[in-house]
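First the structure, in the form of structure tokens, and then the observations on it.
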Amino acid sequence: MAQLCMNDDYSDVTFIVENQRLPAHRVILAARSEYFRALLFGGLCESRQSEIEMQIPVEAFKALLKYIYSGHMPLAQMDEDNILDTLGLANQYGFSELEHAISQYLRQYLALNNVCAILDAARLYNLDKLTEVCLTFMDRNATVLLQHESFRALSMVCKYSR
């Protein structure tokens with residue numbers, strides 16, 4: 001099935017994301033996701049459209065499509081922003097197993113330059129375990145972290161609540 005991913009062969013729907021056309025197969029998407037089942041077969045206007053425009057990051061959506069078709073996601077080959085965007089899509093579209101896998105992966109790769117962005121994402125998507133790991137990392141590295149440029153990008157909600 002992985003060979004059908006973003007392949008025009010037998011595709012019956014095209015997603016337009018950041019001006020890129022990504023062919024897909026309704027039945028595969030619907031079989032793997034409640035969200036796509038509702039979108040493509042649930043009577044919404046999209047269920048009658050052959051092209052659906054999405055306002056989401058294209059690289060994250062491509063990664064999600066590859067996961068839907070193959071059941072695998074090569075996180076080690078993805079950049080950090082793409083991983084966080086994909087985590088957002090996994091959360092938005094109800095891929096809880098993928099959300100958990102990405103969360104586990106991020107826990108292993110916390111660093112001063114990424115902990116604030118990961119904490120913001122963990123809070124946004126209500127990932128309590130990832131949030132705790134980030135906060136523990138921040139506590140252990142507080143002196144250095146407070147001086148790090150990434151700390152200034154941390155959202156205000158995360159700075160003052162625990």
Side-chain angles (χ1 to χ4, degrees), residues 1-134 137 150 153-155 158:
M1 256 193 349
Q3 293 177 348
L4 290 174
C5 184
M6 292 181 276
N7 187 329
D8 280 321
D9 292 344
Y10 314 109
S11 71
D12 56 359
V13 65
T14 300
F15 292 96
I16 301 170
V17 184
E18 293 182 8
N19 296 319
Q20 290 188 35
R21 301 173 60 78
L22 306 172
H25 307 82
R26 291 174 189 271
V27 70
I28 294 172
L29 298 177
R32 296 272 288 145
S33 165
E34 290 288 332
Y35 172 86
F36 285 109
R37 187 174 307 122
L39 179 74
L40 300 170
F41 293 104
L44 300 171
C45 65
E46 288 86 355
S47 65
R48 296 179 300 278
Q49 296 175 341
S50 61
E51 294 185 348
I52 299 171
E53 193 161 339
M54 308 278 280
Q55 301 298 320
I56 54 177
V58 67
E59 292 306 316
F61 190 65
K62 285 179 180 180
L64 182 66
L65 284 176
K66 288 176 186 174
Y67 172 77
I68 290 170
Y69 280 79
S70 71
H72 300 289
M73 181 165 291
L75 294 170
Q77 298 170 10
M78 296 168 63
D79 70 43
E80 195 170 288
D81 289 336
N82 193 10
I83 291 171
L84 291 175
D85 288 342
T86 304
L87 177 62
L89 294 183
N91 177 272
Q92 180 179 348
Y93 298 150
F95 287 93
S96 56
E97 186 177 295
L98 177 59
E99 188 177 38
H100 178 74
I102 293 172
S103 181
Q104 289 290 103
Y105 177 83
L106 291 172
R107 290 169 64 172
Q108 298 173 24
Y109 293 97
L110 287 178
L112 291 173
N113 66 335
N114 68 14
V115 68
C116 295
I118 292 172
L119 176 62
D120 278 343
R123 288 271 175 107
L124 180 62
Y125 307 129
N126 296 313
L127 301 171
D128 295 334
K129 289 181 181 178
L130 183 58
T131 297
E132 275 304 311
V133 170
C134 288
F137 180 92
S150 67
L154 186 63
S155 73
C158 290

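In this text, all values refer to a predicted model and were calculated from it rather than measured experimentally.
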Closest non-hydrogen atom pair, Phe41 against Ser47 = N-CB, 4.0 Å

Please report the C-alpha distance between Lys129 and Gln104 in whole Å, then the side-chain angles of each, then the deciding distance to 0.1 Å, and finally whether the side-chain hydrogen bond (donor to acceptor under 3.5 Å, both in side chains) criterion is met.
-> CA-CA 9 Å; Lys129 289 181 181 178; Gln104 289 290 103; over 6 Å; no

Yes or no on side-chain contact (heavy atoms from CB on, under 4.5 Å) for Lys66 and Met6, after CA distance, side-chain angles and deciding distance?
-> CA-CA 8 Å; Lys66 288 176 186 174; Met6 292 181 276; 3.6 Å; yes

Could you tell me which non-hydrogen atom of Met78 sits nearest to which non-hydrogen atom of Thr86, and how far apart they are?
-> CE-OG1, 3.5 Å

With side chains defined as the heavy atoms from C-beta onward, is the minimum distance between Asp120 and Leu124 less than 4.5 Å?
-> no

Give the minimum heavy-atom separation between Leu39 and Ile52, together with the two atoms involved.
-> CD2-CD1, 4.5 Å

Please confirm whether the backbone N or O of Arg26 pairs with a side-chain atom of Asp12, one donor and one acceptor, at under 3.5 Å?
-> yes

Side chain proximity check, Ile16 to Met54, heavy atoms < 4.5 angstrom = no

Closest heavy-atom pair, Phe95 versus Ser33, reported as atoms and distance to 0.1 Å, is CZ-CB, 3.4 Å

Side chain proximity check, Leu106 to Leu87, heavy atoms < 4.5 angstrom = yes

Decide side-chain contact (heavy atoms from CB on, under 4.5 Å) for Tyr35 and Leu29; before the verdict, give the C-alpha distance in whole Å, the side-chain angles of both, and the deciding distance to 0.1 Å.
-> CA-CA 9 Å; Tyr35 172 86; Leu29 298 177; over 6 Å; no

Angle class for the Phe61/Phe36 ring planes (parallel below 30°, perpendicular above 60°, tilted otherwise)?
-> tilted

Is the side chain of Asn82 donor-acceptor paired with the backbone N or O of Ala60 at a distance under 3.5 Å, no angle test?
-> yes

Hey, does the Lys NZ or Arg CZ of Arg32 hover above the aromatic six-ring of Tyr67, less than 6.0 Å from the centre and inside 45° of the axis?
-> yes

Answer yes or no: are there more than 12 heavy-atom neighbours, outside Asp9 itself, under 6.0 Å from its atom CG?
-> yes

Run the side-chain contact (heavy atoms from CB on, under 4.5 Å) check on Ile118 and Leu130 step by step: do they pass?
-> CA-CA 8 Å; Ile118 292 172; Leu130 183 58; 3.9 Å; yes

Under 3.5 Å, is there a donor-acceptor pair between the Asn114 and Glu80 side chains?
-> yes

Given side-chain contact (heavy atoms from CB on, under 4.5 Å), test Leu22 with Lys62 step by step and report yes or no.
-> CA-CA 8 Å; Leu22 306 172; Lys62 285 179 180 180; 3.8 Å; yes

Gln20 and Val17, any side-chain heavy atoms less than 4.5 Å apart | no

Could you tell me which non-hydrogen atom of Ser11 sits nearest to which non-hydrogen atom of Ala24, and how far apart they are?
-> CB-O, 3.1 Å

Are any non-hydrogen side-chain atoms of Tyr69 and His25 less than 4.5 angstrom apart?
-> yes

Which atom pair, heavy atoms only, marks the closest approach of Gln3 to Asn7?
-> O-ND2, 3.2 Å

Full working for side-chain hydrogen bond (donor to acceptor under 3.5 Å, both in side chains) between Asn91 and Glu99 | CA-CA 6 Å; Asn91 177 272; Glu99 188 177 38; 2.6 Å; yes

Answer yes or no: is there a side-chain heavy-atom contact under 4.5 Å between Glu18 and Ile56?
-> no

